[in-house]
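Here the structure is laid out as structure tokens; the discussion comes afterwards.
Residue numbers count from 1 along this sequence. Given the structure is predicted, the values throughout are model-derived calculations rather than measurements.
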Amino acid sequence: MRIALMVVRLIYKVPYYFFLIWRCGVSDKISYEEAFWKIKKVTKKANHAGRVTVEAYGLENIPKEDGFIFFPNHQGLFDVLVFLDSCPRPFSFVAKKEASNIILLKQVIKALGAYPMDREDVRQSMKVINAVTEDVKNGKNFLIFPEGTRSKLGNGMLDFKGGSFKSATKAKCPIVPCALIDSFKPFDEKNIRPVKVKVIYMKPMYYEEYKEMKTVDIAEEVRGRIEKTIRQYEDQDGI
């Protein structure tokens with residue numbers, strides 16, 4: 001319902017926005033950074049049209065140097081839009097294979113040089129992990145959902161998968177835990193009431209902090225930090 005609202009309220013601009021994103025995905029003359037800023041602009045317009053407000057906290061915690069990975073909890077289909085709306089730094093992301101077949105999203109994947117991952121195919125998954133590792137080493141930022149799928153638990157979480165952190169450990173890059181609150185509401189609830197979504201960019205874990213840890217232990221630590229942050233913000237709001 002909310003996606004329909006976005007389309008209706010932007011009806012005259014939808015063809016232009018679709019063409020813009022498509023062009024970013026097929027043109028060799030548009031860098032991923034330039035594509036990011038164009039897609040970010042479209043995202044902000046769409047969120048406003050959909051009556052969604054994104055509140056971002058902790059932006060000062062984002063590392064100053066590029067080549068890091070965001071690891072948030074995964075609540076719903078709106079999650080990537082939260083980061084596109086709020087993040088002041090270009091990033092790409094890892095998506096499940098099925099997303100590469102969804103209209104518009106597949107154009108965004110191409111435009112940002114994102115990677116669809118088939119979690120049932122170990123060889124393909126390793127190729128994605130290695131590709132992300134090299135990109136991060138070369139200064140590209142990424143967004144990876146360590147739950148692997150939407151939790152469908154509201155502000156609750158599933159277990160974080162240790163394998164999701166392999167690109168970070170191989171690249172020896174900063175891990176930035178991020179807490180999403182109410183991100184399931186815009187697209188997963190069947191209403192178009194105004195909604196507020198929060199994202200908290202937490203203090204990063206640098207390689208020196210996690211280099212002796214196994215990926216499963218990193219996953220547990222990051223999950224624990226995110227869970228604690230969600231509870232703190234929920235308590236502040238009296239949820």
Side-chain angles (χ1 to χ4, degrees), residues 54-76 78-96 114-115 117 129 132-133 135-137 139-184 196-237 239:
V54 175
E55 292 186 352
Y57 302 88
L59 293 172
E60 69 279 3
N61 291 324
I62 299 175
K64 305 302 180 186
E65 295 185 6
D66 288 324
F68 54 82
I69 303 178
F70 294 122
F71 287 96
N73 51 315
H74 196 5
Q75 294 192 337
F78 189 74
D79 293 354
V80 174
L81 297 186
V82 176
F83 286 90
L84 287 172
D85 185 301
S86 65
C87 186
R89 304 273 285 283
F91 67 87
S92 187
F93 58 93
V94 175
K96 61 182 181 180
Y115 293 103
M117 176 182 282
I129 289 171
V132 171
T133 299
D135 283 351
V136 172
K137 285 181 178 179
K140 192 171 183 178
N141 309 314
F142 271 84
L143 170 70
I144 296 176
F145 295 104
E147 285 166 284
T149 188
R150 291 175 287 153
S151 69
K152 298 183 180 180
L153 296 172
N155 288 323
M157 290 183 288
L158 301 174
D159 290 335
F160 281 17
K161 302 180 186 302
S164 300
F165 293 86
K166 286 183 178 179
S167 291
T169 58
K170 289 164 72 74
K172 301 179 181 180
C173 72
I175 290 172
V176 186
C178 302
L180 288 169
I181 299 176
D182 294 340
S183 187
F184 62 93
K196 184 184 298 182
V197 176
K198 291 184 173 69
V199 57
I200 301 93
Y201 294 87
M202 299 162 61
K203 291 184 178 180
M205 292 175 62
Y206 290 96
Y207 181 66
E208 287 301 313
E209 180 179 352
Y210 68 78
K211 66 179 182 180
E212 302 296 335
M213 300 171 65
K214 296 180 180 179
T215 54
V216 291
D217 297 324
I218 297 172
E220 185 175 350
E221 175 65 22
V222 171
R223 185 186 185 282
R225 294 186 185 189
I226 292 174
E227 185 175 39
K228 181 179 179 180
T229 298
I230 290 174
R231 288 176 179 173
Q232 289 174 343
Y233 275 78
E234 286 182 331
D235 290 342
Q236 290 175 11
D237 292 341
I239 299 175

More than 12 heavy atoms from other groups under 6.0 Å of CD on Glu221: yes
Flag, side chain of Asn141 to backbone of Asp66, donor-acceptor distance under 3.5 Å: no
Identified salt bridge (charged side-chain N to carboxylate O under 4.0 Å, His left out) partner of Glu209 from the options Lys203, Lys172, Arg225: Arg225
Heavy atoms from other residues, nucleotides or ligands near CZ of Arg89 exceed 12 (cutoff 6.0 Å): yes
pair Leu158-Lys152: side-chain heavy atoms closer than 4.5 Å: no
Whether Phe83 and Tyr201 hold their rings parallel, tilted or perpendicular, with breakpoints at 30° and 60°: perpendicular
Main-chain N/O of Gly156 paired to Ser151 side chain as donor or acceptor, under 3.5 Å: yes
Parallel, tilted or perpendicular: rings of Phe142 and Tyr115 (30°, 60°): parallel
Heavy atoms from other residues, nucleotides or ligands near CD of Glu60 exceed 12 (cutoff 6.0 Å): yes
Value rounded to 0.5 Å, distance of CD in Glu234 from NZ in Lys198: 9.5 Å
Proximity of Phe70 and Phe68 rings by center, below 6.0 Å: yes
Within the 6.0 Å centroid threshold, strictly below: Tyr57 and Tyr233: yes
Enclosure of Lys166 NZ (heavy-atom neighbours >12, cutoff 6.0 Å): no
Worked check of side chain to side chain contact (heavy atoms under 4.5 Å, CB included) between Val176 and Asn61: CA-CA 8 Å; Val176 186; Asn61 291 324; 5.7 Å; no
Whether Gln75 side chain and Gly154 backbone form a donor-acceptor pair below 3.5 Å: yes
